[in-house]
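Let me give you the structure first, and then I'll get to my questions.
Only heavy atoms go into these numbers, but all of them, side chains included; no hydrogens, no water, no symmetry mates. In what follows, chains carry the letters A, B, and so on, assigned in the order in which the sequence lines appear, proteins first and then strands, with residues in each chain numbered from 1.
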Amino acid sequence: MSYQDPTRLDSGITTGTAQSVAAPNSLLNINGVTLQYKTPEHLVTATYRVTFDIHTGDRFVLLGPSGCGKSTLLKSIAGFMPPVEGDIELKGRKVKRPGPDRAMVFQEFDQLLPWKTVRENVAFPLKVNGVSKDEADQRAMQMIEKVNLTKFLDVYPHMLSGGMKQRVAIARAMAMRPDVLLMDEPYAALDALTRRKMQDELLSLWEDLRFTLVFVTHSIEEAVLIGTRILVLSPHPGQVRAEINTHQFDSRNADSPEFAATCARIRGMLFGDAETAH
Amino acid sequence: MSYQDPTRLDSGITTGTAQSVAAPNSLLNINGVTLQYKTPEHLVTATYRVTFDIHTGDRFVLLGPSGCGKSTLLKSIAGFMPPVEGDIELKGRKVKRPGPDRAMVFQEFDQLLPWKTVRENVAFPLKVNGVSKDEADQRAMQMIEKVNLTKFLDVYPHMLSGGMKQRVAIARAMAMRPDVLLMDEPYAALDALTRRKMQDELLSLWEDLRFTLVFVTHSIEEAVLIGTRILVLSPHPGQVRAEINTHQFDSRNADSPEFAATCARIRGMLFGDAETAH
Amino acid sequence: ASAEDVTIGTGYGIGFLPLHILDAKDLIEARAKEAGLDLTPTYQRISGSAAMQDAVISGSVDLGAYGVPAILIGWDKTRGKIVGVAGVNASPLTLLTNREGVTDLKGFAETDRIAMPSLVSPQMYALQKESEAEFGEGQQDKLRQQVVALPHPEALNSITAGATEVNSYFAAPPFTQIALKNPKVHAVIDSNKIWGGQSTFLAFAAKTDFLEENPKVADVVIAALDDAAKLIRENPEEAADIYLAAEPSKLMTKEDLVAFLRENADDFGPEVHGVQAYADFMARHGGLSKAPANWQEVFTSAALKGREGS
Amino acid sequence: MAQNTATADNFDTVIRAEYERTDIGDAKLEDVQRKLPLSETLWNSSAFRKTLILLALAIIWQIYGVWLDNPMIFPTLTDTLGALWANIVNGTIPTRLIATLKVLVVGYVIGVILATIFTTIAVSSRIGTDLLSTLTAMFNPLPAIALLPLALLWFGLGTPSLVFVIVNSVLWAVALNMHTGFLTVSDTMRMAGQTFGLRGMRYVVQLLIPAAFPAILAGLKIGWAFAWRTLIAAELVFGVSSGQGGLGWFIFENRNLLDTPAVFAGLLTVMSVGLFVEGVIFRFIENRTVRKWGMQRG
Amino acid sequence: MAQNTATADNFDTVIRAEYERTDIGDAKLEDVQRKLPLSETLWNSSAFRKTLILLALAIIWQIYGVWLDNPMIFPTLTDTLGALWANIVNGTIPTRLIATLKVLVVGYVIGVILATIFTTIAVSSRIGTDLLSTLTAMFNPLPAIALLPLALLWFGLGTPSLVFVIVNSVLWAVALNMHTGFLTVSDTMRMAGQTFGLRGMRYVVQLLIPAAFPAILAGLKIGWAFAWRTLIAAELVFGVSSGQGGLGWFIFENRNLLDTPAVFAGLLTVMSVGLFVEGVIFRFIENRTVRKWGMQRG
Ligand SMILES: Nc1ncnc2c1ncn2[C@@H]1O[C@H](COP(=O)(O)OP(=O)(O)OP(=O)(O)O)[C@@H](O)[C@H]1O
Ligand SMILES: Nc1ncnc2c1ncn2[C@@H]1O[C@H](COP(=O)(O)OP(=O)(O)OP(=O)(O)O)[C@@H](O)[C@H]1O
Ligand SMILES: [Mg+2]
Ligand SMILES: [Mg+2]
């Protein structure tokens with residue numbers, strides 16, 4: 001297999017407004033990671049020898065067809081699944097366990113704690129990590145306002161709609177102000193308007209705090225809009241197909257032909273050439 | 001309140017290739033339906049006096065912002081929640097309980113039965129309703145193939161990714177060949193390609209079987225593509241904002257300016273005029 | 001149950017030896033045949049007097065052997081629907097202790113605990129009677145607070161091992177004999193001394209309904225019990241063998257048993273002793289609503305009428 | 001599942017007019033409040049329904065008791081209530097009940113605490129899980145009577161021994177339910193908790209316990225009932241000196257004295273406490289927790 | 001949660017090259033199979049770990065027994081094993097065990113069936129729910145001994161009465177867990193089932209029971225343990241006629257004969273059966289159901 005090591009390209013051609021630095025300030029290194037689920041009867045390989053690096057401040061998007069291992073990869077970065085092969089390093093240290101430096105928004109709807117109200121759910125991780133009650137509550141309130149749920153502050157999660165639950169989860173993760181924010185299709189359950197608002201919130205929060213974002217989505221437009229770099233995965237089991245730079249796009253130039261061209265290019269990669277239009 | 005009864009418009013102006021018929025062949029009548037959730041401490045009104053009709057063979061889309069009561073409305077049509085005001089009639093009979101004539105795909109990921117494999121999950125409702133084992137299995141196989149999960153035939157749901165679970169749920173509902181198919185954001189968890197495939201499958205199945213579809217989505221494009229008629233709901237609590245005809249659009253003219261214009265028009269309704277572009 | 005099969009409730013201990021003999025030697029069948037009956041007794045082992053009494057009242061057992069005070073209470077509460085049939089055993093009950101120097105009830109300290117199988121056991125009334133005698137009128141409950149209900153094996157373990165606060169035990173044979181093998185344990189007093197003579201410890205009770213429906217059964221049983229007593233008196237070796245077959249104790253050797261049976265041969269037989277004394281005492285202290293006029297009012301069998309008894 | 005009767009041929013799509021409403025006002029909630037008739041309101045009250053059930057049971061008891069006419073075995077309800085009243089008025093049942101409850105609560109609390117510790121160990125390592133399942137399988141089937149000699153040896157007579165057997169009966173049932181509850185907490189929720197940095201005791205207390213609360217509550221209920229059962233039975237078998245006896249002893253004493261109405265009065269007291277604990281205490285806890293959180297219906 | 005140390009000022013985005021791989025082959029699974037060292041493989045086996053635990057417990061027993069040196073109260077393990085062996089060889093324990101198991105299984109099965117019926121009624125109507133919770137609260141705390149007179153009256157001495165008290169001990173615990181299990185089935189799953197047209201018994205059997213299976217299994221385990229407990233205790237009270245007694249009677253008999261090693265041999269048998277049922281039967285069921293379905297971890 002003529003595997004072209006992507007790390008070798010680091011010092012290669014760069015596009016965009018490259019700034020020359022001595023050492024790559026890479027934060028997360030995923031090196032030849034194979035992830036498998038073992039069940040008594042099956043052995044499912046979710047991803048196969050995936051290698052990529054995420055730099056501090058990246059908005060890194062994982063893109064790929066359903067079932068290609070995006071969620072699994074994210075869980076592994078979060079520290080829930082040790083790779084059967086390869087390793088994942090955060091700041092040069094092997095990732096061994098989950099921790100509050102890597103906040104995560106899950107794809108599933110049952111990630112909220114049913115015994116806490118919306119406000120408590122958002123404030124809880126802060127309190128766990130020693131933020132004072134007052135400050136935690138205040139930060140929670142702020143984030144809840146940003147996701148437009150102030151009316152539902154003291155309501156328990158079972159009384160929320162699907163999209164509302166996901167918004168609470170997003171507020172919770174963002175209130176934690178983690179080094180790395182891992183988001184698994186966070187906006188899938190949201191209507192276009194809410195989604196747009198959330199995307200803007202995320203980007204403006206990133207402007208403020210410059211955390212590192214790892215974002216899973218299945219929307220190519222969203223990927224190009226949110227991401228600074230997109231990792232395209234092949235179908236099951238997921239292998240690296242390509243890495244693409246998209247730092248040049250934001251909501252101001254989402255109508256530009258370049259934006260559309262990039263989307264089309266990715267679509268071509270994912271769907272084959274038969275499907276480049278839509 | 002100058003409430004303009006939409007049923008009165010039935011004999012009014014019609015657009016498109018109208019065919020004159022004596023009586024409106026309306027299948028589902030939703031008459032001034034108010035839906036509420038009662039919990040010991042709260043009383044949440046999900047929809048308020050919503051009125052609309054769905055005709056046999058309609059592909060009726062419910063569109064509205066997160067939390068406006070779309071899922072609640074669908075559950076009520078399915079027979080799970082009696083309205084506190086108004087009534088829901090199916091073929092002139094009040095809807096009282098759920099039944100296999102109204103198959104439903106839920107928004108949540110835990111709708112599959114964890115103790116059944118993918119194949120069994122899809123075949124189960126058929127068997128419950130007296131379809132012979134062989135035929136049920138065969139129909140299940142067919143649908144599983146259509147949702148591209150043949151490789152995962154004998155796998156239990158906990159081994160599937162989020163999108164794969166939703167595809168199984170879609171296969172299950174479609175295999176039931178119900179009179180009315182209720183789908184709650186079925187494609188939200190799917191990547192663009194899979195989503196497109198699923199949409200095409202749904203439409204071609206509809207061509208074959210001409211069931212009545214009630215479809216909740218938060219994607220305006222999807223609404224226009226899938227629907228023959230779109231009901232636009234206002235934010236929480238959901239009230240009827242508008243009904244729009246979109247039977248003239250399908251995947252062949254999804255690139256046409258009319259399609260884009262209709263999308264823009266709906267976007268305007270939902271987001272106000274400030275947000276018509278994207 | 002019909003006359004054809006009669007269920008007999010039995011239990012564990014030397015007191016039940018006559019019943020083991022009835023079972024092993026088919027004595028009831030033999031006596032029944034003589035009386036022109038076809039009787040098949042079933043021997044049912046039941047663990048305690050409370051259960052035995054329930055079994056008798058509910059008719060699950062036709063004849064049950066348990067303590068005389070409990071029978072008296074049953075007779076009293078049912079207004080004579082439960083009566084005694086015959087005595088089974090009148091062995092002495094012995095108050096044992098492992099505290100040195102205790103020779104009477106006055107010697108017990110407040111921290112001492114006295115074990116016995118239940119609060120309506122013959123032991124309890126013997127203790128009350130002796131309390132009254134030693135501490136004076138109205139003092140019968142002086143030691144009641146120190147009484148604990150404990151099954152025989154645990155009580156025995158407690159006083160021989162000396163590991164718990166239970167240092168005294170109102171025992172019945174064979175536990176008395178086993179306990180006394182331990183040098184630390186000595187007897188304080190026994191029931192013969194307390195009541196001034198033999199007193200029946202175990203007796204058969206039955207419902208009057210049953211006895212009326214099966215008028216000959218009581219006589220048959222009494223005759224068979226006589227046979228059993230005779231065997232014990234005349235052939236203690238065989239009796240010991242029967243006992244050991246029924247209760248293969250490792251702590252009582254055959255020699256111990258034979259010696260015991262020789263010494264206490266008179267303890268067995270259908271005659272009842274001390275019933276009136278129990279009844280009077282219990283009636284005096286509110287345990288019975290009224291005392292029977294004489295013991296024959298409780299033990300109604302015609303076959304016992306002519307015999308000695310008390 | 002009805003086959004669709006309309007085929008592509010026999011129906012025509014009716015194209016209806018579009019419309020848009022620009023005048024939707026605010027929803028008025030008072031418009032949609034409905035008043036229920038009194039009968040329905042009553043029937044909606046679980047207390048009312050339970051009272052009906054209790055009344056029905058009481059009537060059945062009375063009828064069966066009268067019909068059976070065997071007061072030594074099964075007294076009528078009225079006899080029992082008479083005995084209950086007499087024993088309440090003379091203070092016997094209240095003192096006995098308090099004595100029993102004291103022991104019961106102590107044993108129960110210790111049992112639950114131990115169960116929590118055991119299950120915490122069990123969830124934090126595989127060997128812990130094995131230890132718990134082995135110990136549960138071994139000690140759960142052991143009756144109180146089997147523990148008697150050891151209890152006497154270790155704790156002597158009276159309350160400590162009783163507490164010991166109660167702990168044995170509560171511990172395993174609660175631990176088993178708790179552990180199963182923990183094991184069925186969804187992966188997503190576990191992972192969410194871990195990303196907050198919850199670990200060790202805090203993970204168990206702040207995540208697993210509330211997430212498994214419905215199962216834990218079921219275990220607590222079972223544990224409570226078995227504590228009662230064991231205590232009543234243990235007071236009979238164990239050396240309780242008659243001065244300090246509780247309700248079990250009261251029942252045992254009266255059974256020996258063949259005072260069946262008093263026995264049933266004792267049992268009725270046990271049942272009433274059971275109903276109180278279930279209907280008031282546990283109900284209260286449920287309303288404030290699992291029901292409020294939407295984790296359990298009903 | 002570490003505060004982000006890099007601010008907008010002190011880092012620069014490194015723009016890396018894009019790349020596309022057109023040559024990704026098929027994933028080779030054999031490449032990533034790893035072999036575990038023997039020690040780890042062993043440690044991964046729950047049977048091995050449990051054996052270790054049992055061994056440890058055995059050693060503790062032996063040491064404590066020798067140290068205590070009071071064979072009347074607590075015999076050593078070796079004495080107990082000797083007695084166990086002797087009683088197995090002479091056929092006593094096997095016959096007694098079989099006698100006990102017969103009664104146990106009958107009572108258990110009836111109890112579980114009744115529990116299923118009760119909970120089915122309970123989930124299908126509100127009054128049913130109230131009935132179940134009232135009955136459970138009332139009868140669950142009642143000890144077998146309280147039912148004795150009624151059992152004798154209704155069923156006489158012997159097996160039927162034993163079955164009756166076992167049913168009482170199994171029924172409520174299983175029903176309570178089952179019912180809680182049913183109540184915690186997620187709304188989505190319930191609704192899914194109902195759209196298929198499942199109703200009544202089929203709804204319970206084909207949807208609620210499997211969905212609540214982890215809780216039901218926990219209930220079945222508790223029920224099993226309590227059936228044992230009750231049976232051992234009840235055999236003492238109900239006694240036996242001519243040699244048909246079970247293991248409980250064996251224990252009682254030997255206790256009366258002061259044969260403590262034999263008593264402990266009996267208890268050891270009870271424990272072994274407990275371990276077998278838990279470690280083999282329930283484990284098998286769990287592996288085939290909740291674990292396989294991903295409804296329970298571990
Ligand atoms: N718990 C599990 N046990 C076994 N296999 C699993 C499990 N979870 C996921 N898988 C398998 O791993 C593969 C990748 O799953 P993953 O959830 O990572 O996909 P995904 O890319 O997130 O897909 P989606 O976009 O549909 O969410 C799938 O083939 C799936 O079948
Ligand atoms: N079980 C519940 N109890 C109380 N209130 C509820 C419950 N479920 C939903 N609601 C409330 O009802 C309203 C409508 O919810 P619904 O799920 O119908 O929204 P939706 O339109 O489907 O939203 P989404 O697009 O986010 O799924 C929301 O305001 C929500 O808070
Ligand atoms: Mg996923
Ligand atoms: Mg919804």
Side-chain angles (χ1 to χ4, degrees), chain D residues 1 46 49-50 53-54 57 70 73-74 126-127 129-131 133-134 136-146 149-150 153 172-173 176-177 180 183-184 197 214-215 217-219 221-222 224-226 228-230 232-233 236 251 260 267 270-271 273-275 277-279 295-298, chain E residues 1 46 49-50 53-54 70 73-74 126-127 129-131 133-134 136-146 149-150 152-153 172-173 176-177 180 183-184 197 214-215 217-218 221-222 224-226 228-230 232-233 236 251 260 267 270-271 273-275 277-279 290 295-298:
Chain D
M1 170 193 32
S46 127
R49 293 195 307 271
K50 285 194 178 167
I53 290 171
L54 288 179
L57 289 176
N70 192 340
I73 288 186
F74 195 82
R126 273 195 310 190
I127 185 92
T129 310
D130 292 327
L131 189 66
S133 74
T134 308
T136 308
M138 282 168 69
F139 291 109
N140 209 4
L142 283 192
I145 208 148
L150 286 179
L153 182 68
W172 311 113
L176 211 154
N177 251 29
T180 308
L183 292 183
T184 48
L217 265 185
K221 282 191 205 174
I222 292 178
W224 172 255
F226 279 111
W228 258 119
R229 260 196 209 183
T230 310
I232 302 286
L236 312 188
I251 293 169
T260 318
L267 295 175
V270 173
M271 285 183 171
V273 175
L275 280 177
V277 169
E278 154 76 33
M295 294 171 86
Q296 182 174 316
R297 324 170 98 226
Chain E
M1 172 194 33
S46 127
R49 291 195 308 271
K50 285 194 179 167
I53 290 172
L54 288 179
N70 192 340
I73 291 184
F74 194 83
R126 272 196 308 188
I127 185 90
T129 310
D130 293 327
L131 190 66
S133 73
T134 308
T136 308
M138 282 167 69
F139 292 110
N140 209 4
L142 282 193
I145 209 140
L150 285 179
L152 284 176
L153 184 69
W172 309 112
L176 210 153
N177 251 30
T180 306
L183 291 183
T184 49
L217 266 183
K221 281 190 203 172
I222 292 178
W224 172 256
F226 281 110
W228 257 119
R229 259 194 210 184
T230 311
I232 302 288
L236 310 189
I251 292 169
T260 317
L267 294 175
V270 173
M271 286 183 171
V273 176
L275 280 176
V277 169
E278 155 76 33
V290 287
M295 295 171 84
Q296 183 173 315
R297 325 171 98 226

Check your understanding: With respect to chain E, which residue among D:Pro141, D:Ala173, D:Ala225, D:Gly274 yields the maximal number of heavy-atom pairs within a distance under 4.5 Å?
Key ->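 Looking at each of D:Pro141, D:Ala173, D:Ala225, D:Gly274 in turn, D:Pro141 comes out on top.
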In terms of heavy-atom pairs under 4.5 Å with chain E, which of D:Phe226, D:Phe74, D:Trp224, D:Phe139 leads?
->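 Maximum pair count with chain E is reached by D:Phe226.
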Give the member of E:Thr184, E:Leu152, E:Val277 that has the highest number of heavy-atom pairs under 4.5 Å with chain D.
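Greatest number of close heavy-atom pairs with chain D: E:Thr184.
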* Asked: Nearest 0.5 Å, what's the CG-CE distance between E:Asn140 and D:Met271?
  ->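 So the CG of E:Asn140 and the CE of D:Met271 are separated by 11.0 Å.
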- request: Can you measure from CG (D:Asp130) to CZ (E:Arg49) and round to the nearest 0.5 angstrom?
  value: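 One finds 4.0 Å between CG of D:Asp130 and CZ of E:Arg49.
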Practice problem: Specify which of E:Ser46, E:Ala215, E:Ser133, E:Gly279 makes the most heavy-atom pairs with chain D at under 4.5 Å. | Solution: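 Of E:Ser46, E:Ala215, E:Ser133, E:Gly279, E:Ser133 has the most heavy-atom pairs under 4.5 Å with chain D.
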Task: Rounded distance [0.5 Å steps], CD1 in D:Ile232 versus CG in E:Leu142 - done: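 Here the interatomic distance stands at 8.5 Å.
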query = Looking at D:Leu217, D:Thr260, D:Leu267, which has the largest count of heavy-atom pairs under 4.5 Å with chain E?
reply =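 Looking at each of D:Leu217, D:Thr260, D:Leu267 in turn, D:Leu267 comes out on top.
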Item checked: Winner by heavy-atom pair count (cut-off under 4.5 Å) against chain E, out of D:Thr129, D:Thr180, D:Leu57, D:Thr136 ->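 It is D:Thr180.
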task = Could you tell me which portion of D:Ile53 (side chain, backbone, both or neither) has an atom closer than 4.5 angstrom to a non-hydrogen atom of chain E?
result =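 The side chain, not the backbone.
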If I measure from the heavy atoms of chain D, does E:Leu54 come under 4.5 Å with its side chain, its backbone, both, or neither?
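Only the side chain of E:Leu54 comes within 4.5 Å of chain D.
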Quiz prompt | Side chain / backbone / both / neither for E:Met138 at chain D, heavy atoms under 4.5 Å | solution =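 For E:Met138, backbone and side chain are both near chain D.
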| message | For the CG atom of D:Asn177 and the CG atom of E:Asn177, what is their distance to the nearest 0.5 Å? | response |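 Between atom CG of D:Asn177 and atom CG of E:Asn177 there are 4.0 Å.
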**Message:** Is E:Trp172 close to chain D through its backbone or its side chain, or both, or neither, when contacts mean heavy atoms under 4.5 Å?
**Reply:**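 Side chain of E:Trp172 only, per the 4.5 Å heavy-atom cut-off to chain D.
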